[in-house]
Amino acid sequence: ENSALEFCTLTREFPEYVKMIEVGPRDGLQNEKEMVPTRVKIQLINMLSETGLPVIEATSFVSSKWVPQMADHTEVLQAIHRSSHARYPVLTPNMHGFQDAVAAGATEVAVFGSASETFSQKNINCSIDDSMLRFEEVICTAKQQQIPVRGYVSCALGCPYEGPIEPTKVAEVVKRLYELGCYEVSLGDTIGVGTPGSMAKMLQYVMKEVPSSALAVHCHDTYGQALANILTALQMGICAVDSSVAGLGGCPYAQGASGNVSTEDVLYMLHGMGIKTGVDLSKVIEAGDFICKALNRKTNSKVAQARSKSS
Amino acid sequence: MAAVMRFVNRSTFGSRMGHQCLSFSCSAAVAKSVQVGASAGKALPQRVKIVEVGPRDGLQNEKTLVPTEVKIHLIDMLSEAGLPVIEATSFVSPEWVPQMADQVEVMKGINRRPGVSYPVLTPNLKGFQAAVHTSDWLHAPVTVKAGAAEVAIFGAASELFSKKNINCSVDESLQRFEEVTKAAKEAGVRVRGYVSCVLGCPYEGQVSPDKVAQVAKRLYSMGCYEISLGDTIGVGTPGGMAELLEAVSREVPVDALAVHCHDTYGQALANILIALQMGISVVDSSVAGLGGCPYAQGASGNVATEDVVYMLHGLGIQTGVDLPKLMDAGAFICRSLNRKTSSKVAQATCKL
């Protein structure tokens with residue numbers, strides 16, 4: 001297994017700018033046990049808008065039966081203050097959700113595919129192929145209405161049911177979403193098992209099919225590997241990173257384990273390296289403090305922990 | 001253009017603000033990319049030596065006083081887990097470091113596995129003499145003695161830190177260490193050198209990579225076989241790490257260097273990865289991430305050995321470490337300390 005050692009000859013050049021995609025209000029809150037009042041969600045998103053974050057995933061137009069946390073999607077989307085400097089994508093798993101989202105004023109949507117058949121079945125109750133048909137409908141309609149669509153691929157570095165996932169399979173699914181019309185596809189290490197070697201290998205295959213400018217990484221920190229994986233992705237030319245304020249959102253597959261990587265920790269690394277993001281780290285920390293108080297939980301961000309405790 | 005290391009403290013924490021134009025699509029054009037370090041990356045090492053500092057650096061920074069038999073059992077479990085180097089204790093005055101007061105008992109009590117090294121800290125000649133003259137130390141039967149005995153000395157790249165931590169200037173400390181390395185040479189004992197504050201100091205802020213290189217060079221010249229570069233307050237990021245290693249490896253061969261990263265700001269694994277890319281093949285870490293940061297109350301300190309091993313094994317790099325056994329050792333010490341592990345791997349695995 002030499003491919004991991006091969007990527008070592010990567011240049012130490014990094015992008016000058018990295019686009020941060022904040023998924024806390026949606027992906028983060030969706031995976032928190034506590035039900036969050038609508039006004040808290042709205043305030044969180046407004047605070048995040050003040051930080052300079054360019055993309056903030058606001059909510060999800062899924063059935064409230066499946067995801068009660070997102071039942072207030074219309075209210076949230078309509079009530080938030082939309083900064084002219086930010087975009088507010090919402091999840092739309094199918095046409096029904098898409099129509100509701102547009103009616104509520106959505107200007108960008110996202111669809112969620114998977115590189116694992118089993119995960120697809122268990123998560124959205126259909127095969128990868130069938131999910132692509134659903135997404136095609138959404139994407140075509142969105143295109144007609146000039147609404148950009150972002151694609152996600154889960155289990156890009158491993159599946160809780162199938163174990164390791166072939167990079168060729170990931171590349172195939174990413175390609176399909178891109179060709180259907182997604183302007184960007186985010187590669188999700190859903191259970192956080194990836195390491196720099198598997199990240200590099202997966203990206204090598206995916207980048208044969210889709211340009212790096214249309215890719216993002218969505219790393220989970222369940223095994224503490226997120227920042228190292230993100231660093232690797234940057235070295236390979238990726239310049240869009242998903243993260244969650246305060247590391248909101250645990251891992252549903254490993255009870256009590258962490259999930260999303262913290263926006264604060266990613267920013268600290270990027271800024272330390274001289275990479276621009278346009279985001280004010282102190283303000284993100286404030287937003288993180290706010291939502292943690294509201295959720296009555298501690299932050300998962302090490303930067304936030306260090307900042308609040310240093311004398 | 002090398003990236004400038006930014007030491008982050010409260011007042012300078014603001015980033016380059018300003019609302020960038022959002023129609024800017026993130027192009028992967030690397031033409032104006034930030035270059036971190038000039039030289040090309042080397043091959044990743046096929047093997048990395050892990051230096052386990054949990055029983056010393058880890059426990060020393062834990063509030064709870066740990067019974068001697070628990071320390072001994074921990075070290076024995078770590079030996080069983082395949083770690084090649086386990087920092088066992090510290091020959092400092094118990095007045096300063098009560099946690100290490102049982103240093104002699106620990107050294108006598110542990111099961112020394114053949115091929116494994118058990119370095120002990122010796123801040124000065126007095127500590128050194130106590131360490132090597134500990135009863136069974138030199139007189140242990142050849143079958144029990146696991147290779148040459150080894151000691152460690154701790155320097156700093158920051159004058160203020162040196163003054164506050166060991167009550168003397170950097171130069172004075174290096175003079176003290178010279179006494180130790182001289183005596184060690186005569187006794188056939190290996191010496192490992194540490195440099196603290198290599199990427200930032202809690203008192204001075206930024207630390208110049210050249211200063212670190214100078215201190216590392218002196219430690220190496222006086223006979224240290226290996227120099228461990230410590231990011232004492234965990235403020236370093238990959239850019240600063242690359243710059244640091246470039247400066248230091250001009251003075252000390254990269255084979256004689258190790259990195260000792262703290263995870264206070266979550267940067268440890270990323271920093272270690274960059275270090276590996278620059279040819280480093282020795283990494284210090286602490287089981288269960290034992291040892292908080294004394295400069296940021298409640299914040300984390302040492303990087304967790306489990307998380308490092310997970311990354312290295314995922315990269316196909318050999319370490320000789322048995323991860324499940326290592327996690328057992330981590331679970332054991334956390335139970336004894338009545339605290340949660342700081343290792344994410346341990347948190348994830350035990351809950352699945």
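Atom set for the values below is all heavy atoms of this structure, side chains included, hydrogens, waters and symmetry mates excluded. Labels below follow one simple rule: chain letters A, B, ... track the order of the sequence lines, proteins then strands, and each chain is numbered from 1.
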Worksheet item: So which of B/Glu306, B/Gln267, B/His313 has the largest heavy-atom pair count under 4.5 angstrom toward chain A?
Response: B/Gln267
Item to complete: Only one of B/Ile272, B/Leu276, B/Ile280 passes side-chain contact (heavy atoms from CB on, under 4.5 Å) with B/Val48; say which it is.
Response: B/Leu276
Worksheet item: A/Leu231 versus chain B, heavy atoms under 4.5 Å apart: side chain, backbone, both or neither?
Response: side chain
Discussion item. Donor-acceptor pair, distance only, cut-off 3.5 Å: does the side chain of A/His220 make one with the backbone of A/Thr190?
Written reply: yes
Worksheet item: Going by atom types only, do A/Tyr88 and A/Ser49 share a side-chain donor-acceptor pair under 3.5 Å?
Response: yes
Fill in: chain B contact via A/Asp221 - side chain, backbone, both or neither, heavy atoms under 4.5 Å
both
Worksheet entry | A/Asn300-A/Ser262 side chain donor-acceptor pair, cut-off 3.5 Å | no
Worksheet entry | Part of A/Val261 within contact of chain B (heavy atom distance under 4.5 Å) | neither
Practice prompt. Anything under 30° is parallel, anything over 60° is perpendicular, the rest tilted; go ahead and classify A/Tyr161 against A/Phe119.
Written response: tilted
Practice prompt. Please look at B/Asn271 and chain A and tell me whether the side chain, the backbone, both or neither of the residue comes under 4.5 angstrom of a heavy atom of that chain.
Written response: neither
